[in-house]
2 protein chains.
Amino acid sequence: MAPRDTRTQILDAAEHLFAERGYRGTSVRAITDLAGANLAAVGYHFGSKAELLGAVVRRVVEPINAAQCAGLDRLLARTPDPAVIELVEAFAGPLFDGMPAGDEGSARTSRLIVTILSDPAEEVRSWTGPAEDTVRERYLAAFGRALPGLSPEELRFRMRGILAVTAVDRVEVHQQRSPACLSPAAGEAARHWAITFLTAAMSAPPTGT
Amino acid sequence: MAPRDTRTQILDAAEHLFAERGYRGTSVRAITDLAGANLAAVGYHFGSKAELLGAVVRRVVEPINAAQCAGLDRLLARTPDPAVIELVEAFAGPLFDGMPAGDEGSARTSRLIVTILSDPAEEVRSWTGPAEDTVRERYLAAFGRALPGLSPEELRFRMRGILAVTAVDRVEVHQQRSPACLSPAAGEAARHWAITFLTAAMSAPPTGT
DNA sequence: GTTTCAATCATACGTTCGTTTGAATCACGC
DNA sequence: GCGTGATTCAAACGAACGTATGATTGAAAC
């Protein structure tokens, strides 16, 4: 076996198990068993369980961030002030697309993201890099122009709402294992529902308080 | 000490630690240390760590459910068809009120709820009783009347959105420990932001797909 | 054929976990 | 005073955890 094989197989197994059972609920032994690798392979290839998690999250988050960034670029190339629905689509859309490879595809990816984001352990949440912050700040500025009169704090609150709705929805989809919910048609329906829901929410008049 | 004292002190400590570090991240020893009790007290009073979690969650969720139920009763006593904003307030409001006692109040309560809801362990999510389902079904029916033309699936999606936005927001608030975010004023602002955000989202026209 | 180095392997270490045990302690009716 | 049942205690159990170790393999390099 080439050195790359076990590495990626460990990454795949870890992504699957972290998404399904969480970081603390997944043992290194379970990962290496699923990957068909030796227990010590995690330490050899990644250093530690925490660093393996970092590699898993980085592999999942980076394409999403790139897609969000590219979507915003595409909008701004057309007009300096995109509509709210366009911004919502460009931001939330990639969260529905997920990884190209994988049995359950995007649902598992979102499950992983929520599992990680909501994990109280510090070692779990220490992965956020500057790229994520940059993209979020750019969208924040674009939404600010599209929604004048909104205070920065309320704008931040609403952007958190986008993440919350998309992520939690995908978790629910992933939890109930009925195959109907994993069909492409159901995924597309949820995507449209989310965009409708979130565009209306973002476009609400400022609270003022 | 009366038998009730150690029991409630263990409940308080467990609620605190479960909210802060999650179920798996909290050891029974940490709970009994914080409670000033003996390690074996958990086994004696609750049977096991999982049953202690059940007692903690029950104590937290029951008043919230009762408040949601009472709020809907109050609305329906006035008119058979409450407005969307009234339903949103009655449903999401109790999620911001939280427990009466506690240092950080509702933020910790919501933190606990999300920590529990998003925990992948099965033993953690096995607490949902018939009372929670009943309340949700009643709100579902009321929202259905207030929003004709919405398919049941899309309605369910939107109700999940309410939970997602309120819960995830509170998690963020609780994670950044800055005391400004825990002030009553900030809590009230977030409450109003959430109601504005969610009322607009719920009132969006049906997607149709 | 020998050297070399990255990769994989079986195995063990020390720690922490949830749970159990049996003795000690307490309050209290008689 | 004395049993009695409920509660608390120190101590230990076996299991599972993350990590480290040193031997072993395999294929290029020379």
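No experiment lies behind these values; they were computed from the predicted model shown. Throughout, a chain's letter reflects where its sequence line sits, starting with A, and its residues are numbered from 1.
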Original post:
Given Arg58(A) and Glu15(A), is the salt bridge (charged side-chain N to carboxylate O under 4.0 Å, His left out) satisfied, shown in steps?
Top reply: CA-CA 11 Å; Arg58(A) 228 172 295 125; Glu15(A) 181 184 326; over 6 Å; no

Subject >> Asp5(B) CG to dT8(D) C1', straight-line distance once rounded to whole Å >> reply: 13 Å

Original post:
Thr6(A) side chain N/O closer than 4.0 Å to the phosphate oxygens (OP1, OP2) of dA7(C)?
Top reply: no

Subject >> Residues forming a side-chain hydrogen bond (donor to acceptor under 3.5 Å, both in side chains) with Ser203(A), sequence neighbours excluded >> reply: none

Original post:
For Phe46(A) and dA7(C), what is the distance between atoms CZ and C1' respectively, to the nearest whole Å?
Top reply: 14 Å

Original post:
Taking CG from Asp33(B) and P from dC9(D), how many angstroms apart are they, rounded to a whole number?
Top reply: 12 Å

Original post:
Are Leu11(A) and Phe46(A) side-chain neighbours, meaning at least one heavy-atom pair lies under 4.5 Å?
Top reply: yes

**OP:** Please state how far atom CD1 in Ile10(A) lies from atom P in dA7(C), giving the value in whole angstrom units.
**Re:** 12 Å

Original post:
Can you name the one residue among Val42(A), Thr6(A), Asn38(A) that meets side-chain contact (heavy atoms from CB on, under 4.5 Å) with Thr32(A)?
Top reply: Val42(A)

Original post:
Who pairs with Thr199(A) by side-chain hydrogen bond (donor to acceptor under 3.5 Å, both in side chains), at least two apart in sequence or on another chain?
Top reply: none

Please tabulate, for side-chain N and O atoms in residues 66-74 of chain A, each donor-acceptor pair with protein atoms closer than 3.5 Å (sequence neighbours left out).
| from | atom 1 | to | atom 2 | distance (Å) |
| --- | --- | --- | --- | --- |
| Gln68(A) | NE2 | Phe91(A) | O | 2.9 |
| Asp73(A) | OD1 | Arg138(A) | NH1 | 3.3 |
| Asp73(A) | OD1 | Arg138(A) | NH2 | 2.8 |

Original post:
Using rotation axes that map the C1' atoms of four end pairs onto the next four (five pairs an end), what angle separates the end axes of the helix from dG1(C)-dC30(D) to dA27(C)-dT4(D), to 10°?
Top reply: 0°

**OP:** To the nearest Å, give me how far apart CZ (Arg7(B)) and P (dT8(D)) are.
**Re:** 11 Å

Original post:
Roughly how many Å is it from CD1 in Ile31(A) to P in dT19(D), rounded to a whole number?
Top reply: 10 Å

Original post:
Is His45(A) near enough to dA6(C) that one of its side-chain N or O atoms lies under 4.0 angstrom from OP1 or OP2?
Top reply: no

Original post:
Do any pairs count as a salt bridge (charged side-chain N to carboxylate O under 4.0 Å, His left out) and have a residue in residues 29-54 of chain B, sequence neighbours left out, and if so which ones?
Top reply: none

**OP:** Without swapping roles, check the side chain of Arg158(A) against the backbone of Met202(A) for a donor-acceptor pair under 3.5 Å.
**Re:** yes

Subject >> Per-nucleotide protein contact string for nucleotides 10-22 of chain C (B base, S sugar-phosphate only, - none; heavy atom under 4.0 Å) >> reply: BBB----BBBBB-

Original post:
Is there a donor-acceptor contact under 3.5 Å from the side chain of Thr26(A) to the main chain of Leu17(A)?
Top reply: yes

